[in-house]
J.: 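After the structure tokens below, expect a handful of questions from me.
All values below were derived from every heavy atom in this structure, side-chain atoms included, with hydrogens, water molecules and symmetry-related copies excluded. Order of listing sets the numbers, starting from 1, for every ligand and every atom in it.
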Amino acid sequence: MHVPLNDVFKKLEGLGFEDIRHNYILEKDNASLIADEFGFEVTINEDYKDDLFPDVENEKLLKERPPVVTIMGHVDHGKTTILDYLRKSSIVDQEFGGITQHIGAFSVITPISKKKITFLDTPGHAAFLKMRERGAIITDIVILVVAADDSVMPQTIEAIKHAKKSGVPIIVAINKCDKHGVKIEKVLSDLSAQDIDIEDYGGETQTVKISGKTGLNMDKLEEAVITLSEMSDFKAEPTGIRADGWVIESEMIKGMGNVATVLVRRGSVKAGDFLVAGHTYCKVRGMKDEHGKPIKIAGPSTPVQIWGWKDLPESGDQLIQASNEQTCKRVTENRITRQKEIQASRDIESINQKRQDEIEESKRLDKINDLKLAGLDASVFLGEDKTQVQAVNVKYMIKSDVFGSAEAIKESIDGLGNEEVKSTVISHGAGAPTESDLDIAATLDATIFCFNVKVPKLIAARADREGIKIKEHNIIYRLIEDVTEELQSHLKPRI
Ligand code: GDP
């Protein structure tokens with residue numbers, strides 16, 4: 001509905017709903033009621049009866065669950081450093097190599113209260129935004145990192161905006177407090193100027209002065225998360241309902257096939273279960289945690305790698321347990337058909353639009369001709385059309401190590417530019433560039449970005465021969481800089 005979540009909360013409260021949370025699941029009747037309140041005309045799509053939906057909340061089965069936390073903040077303020085510190089501190093079982101793999105999320109046990117916290121392992125906003133766009137607010141708490149030596153910066157403000165819009169509470173981590181001469185007072189007043197009601201000024205938002213580098217007060221930061229989650233009373237049904245959750249990342253792994261990292265939200269997933277996510281499904285062949293340790297059962301707020309997928313699901317896809325393989329097949333086939341129908345109707349719309357544009361254009365040309373025939377200067381008439389010059393379209397294809405980062409990159413660069421020049425991502429996916437990628441790049445004059453993947457020698461040689469542009473990157477902001485430079489090079493000099 002494109003309505004801020006807080007407005008929905010207020011409306012629900014006004015209607016007498018109690019104890020509303022951002023992940024509250026509404027039944028058909030209540031959903032209709034609330035949409036109606038916002039002035040939407042509600043139609044119940046009977047097609048959806050062959051789809052899968054999360055079970056309705058069963059209050060009697062609710063149990064406390066660990067909070068799910070995302071770390072956001074300005075570039076270089078220390079998000080990765082903090083995540084690395086937390087990840088290292090999460091190693092409890094040395095048997096499995098002692099290294100925590102990057103699977104998109106991990107859990108820690110807090111040092112003091114011995115409670116569990118789950119962290120999403122993708123620093124930055126792209127993942128958060130992508131999920132939010134799909135209606136998946138999987139984060140319970142945002143840790144907003146602000147470097148004490150730099151204070152509030154543009155991406156800090158952006159993060160605050162996203163968190164507020166999603167109704168997710170913030171804890172502020174003032175980082176780099178190990179440095180000499182840092183001005184914490186300035187950070188506090190800058191935050192307050194952004195409407196963060198910090199506790200230092202009598203508000204409710206906790207602030208913790210930390211160093212991700214030395215570990216200073218990292219335990220306090222974890223306890224702040226626990227305090228906030230106890231206040232917020234995060235709950236889910238661990239058993240007694242069909243499991244559901246979200247796909248965080250997915251990739252093809254040699255010897256394992258299609259693997260997806262999933263964050264279970266409610267219920268429990270175990271080997272042999274059937275799961276549907278997006279356009280694909282899975283009979284769970286096995287599960288591993290972030291330490292590579294096989295696990296048998298994964299309950300609420302647990303991040304887990306699951307293998308056995310027919311195809312790779314996409315990050316942000318909702319995952320729902322199904323009772324058997326037939327249901328999985330039927331639901332995914334329905335979804336694919338429905339998407340094709342939607343696409344077809346969009347195609348028809350765009351063909352119609354194109355036809356309309358052509359008619360308009362021929363009318364315009366006729367008018368110019370008429371003016372010319374009448375011996376009048378058509379340039380005045382043409383002048384008003386100068387702004388409608390077609391933009392230069394710089395095309396990109398993204399190949400990345402994991403699907404999640406390909407998506408994050410697409411989110412960051414697709415549509416950058418202005419009315420003169422803009423970037424378009426024509427495809428994105430996991431894996432090294434292939435012959436057919438080269439064919440497409442050559443036909444459409446696109447640049448292939450390889451992010452954290454090596455270009456096979458044969459492919460590089462052919463690209464070189466045929467003048468197809470392949471660029472390798474392993475730092476997202478460098479890649480973005482590359483795009484903006486390319487776009488700028490297409491701008492006409494301003495006089
Ligand atoms: P990100 O872009 O937010 O993920 O930031 P990084 O974690 O990559 O950190 C950027 C730089 O700041 C790196 O050089 C880190 O070593 C440094 N850094 C991060 N945290 C701290 C800290 O607590 N103290 C100090 N002195 N440096 C830090």
J.: Quick one: does any side-chain atom of Thr214 pair with a main-chain N or O of Leu216 as donor and acceptor, under 3.5 Å?
T.: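 Yes, because the side chain of Thr214 sits within donor-acceptor range (under 3.5 Å) of the backbone of Leu216.
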J.: Considering only heavy atoms of Asp178, which atoms of ligand 1 have at least one such atom less than 4.0 Å away?
T.: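 That gives atoms 22 (C), 23 (O), 24 (N), 25 (C), 26 (N) of ligand 1.
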J.: Below a 4.0 angstrom heavy-atom separation, can you tell me which part of Thr80, side chain or backbone, both or neither, approaches ligand 1?
T.: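 Under 4.0 Å from ligand 1, Thr80 contributes backbone and side-chain atoms.
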J.: Is the ring centre of Phe403 less than 6.0 Å from the ring centre of His428?
T.: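 Close enough - the centres of the two rings lie under 6.0 Å apart.
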J.: For Thr81, counting its heavy atoms only, list the atoms of ligand 1 lying under 4.0 Å from any of them.
T.: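 Taking each heavy atom of Thr81 in turn, ligand 1 has 6 (P), 7 (O), 9 (O), 15 (C), 19 (C), 20 (N) under 4.0 Å.
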J.: Among Met72, Lys176, Lys179, His74, which residue places a heavy atom closest to atom 28 (C) of ligand 1?
T.: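 Minimum heavy-atom distance to atom 28 (C) of ligand 1 goes to Lys176.
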J.: Which of the atoms of ligand 1 are close to Ser211, meaning less than 4.0 Å from one of its heavy atoms?
T.: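 Counting atoms of ligand 1 from 1, those under 4.0 Å from Ser211 are 22 (C), 23 (O), 24 (N).
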J.: I'd like to know if Gly212 contacts ligand 1, where contact means a heavy-atom distance under 4.0 Å to any ligand atom.
T.: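 Judged by the 4.0 Å heavy-atom criterion, Gly212 does count as contacting ligand 1.
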J.: If the cut-off is 4.0 Å to any non-hydrogen atom of Val75, which atoms of ligand 1 fall inside it?
T.: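 Ligand 1 atoms under the 4.0 Å threshold to Val75: 2 (O).
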J.: Salt bridge or not between Lys293 and Asp289? Use side-chain N to carboxylate O under 4.0 Å.
T.: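 No, this pair does not count.
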J.: Can we say Asp150 and Lys179 salt-bridge, meaning some charged N sits less than 4.0 Å from an Asp/Glu carboxylate O?
T.: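 No salt bridge links Asp150 with Lys179.
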J.: Filter on ring pair (Phe, Tyr, Trp, His ring centres under 6.0 Å), then keep only pairs touching residues 445-466, sequence neighbours left out; what's left?
T.: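 Qualifying pairs, neighbours excluded: Tyr396-Phe449, Phe449-His473.
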J.: Just which atoms of ligand 1 are under 4.0 Å from any heavy atom in His77?
T.: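 Ligand 1 atoms under the 4.0 Å threshold to His77: 3 (O), 5 (O).
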J.: Could you say whether the N/O atoms of Gly78 and ligand 1 ever approach to under 3.5 Å?
T.: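 Such a contact does occur with ligand 1.
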J.: Test Ile470 against every option in Thr447, Asp437, Asp464, Val455 by the side chain to side chain contact (heavy atoms under 4.5 Å, CB included) rule and name the one that passes.
T.: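 So the option named by the test is Val455.
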J.: Can Lys288 be said to sit on top of Trp307's aromatic six-ring, NZ or CZ under 6.0 Å from centre and within 45° of the ring axis?
T.: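 So Lys288 does make the cation-pi contact.
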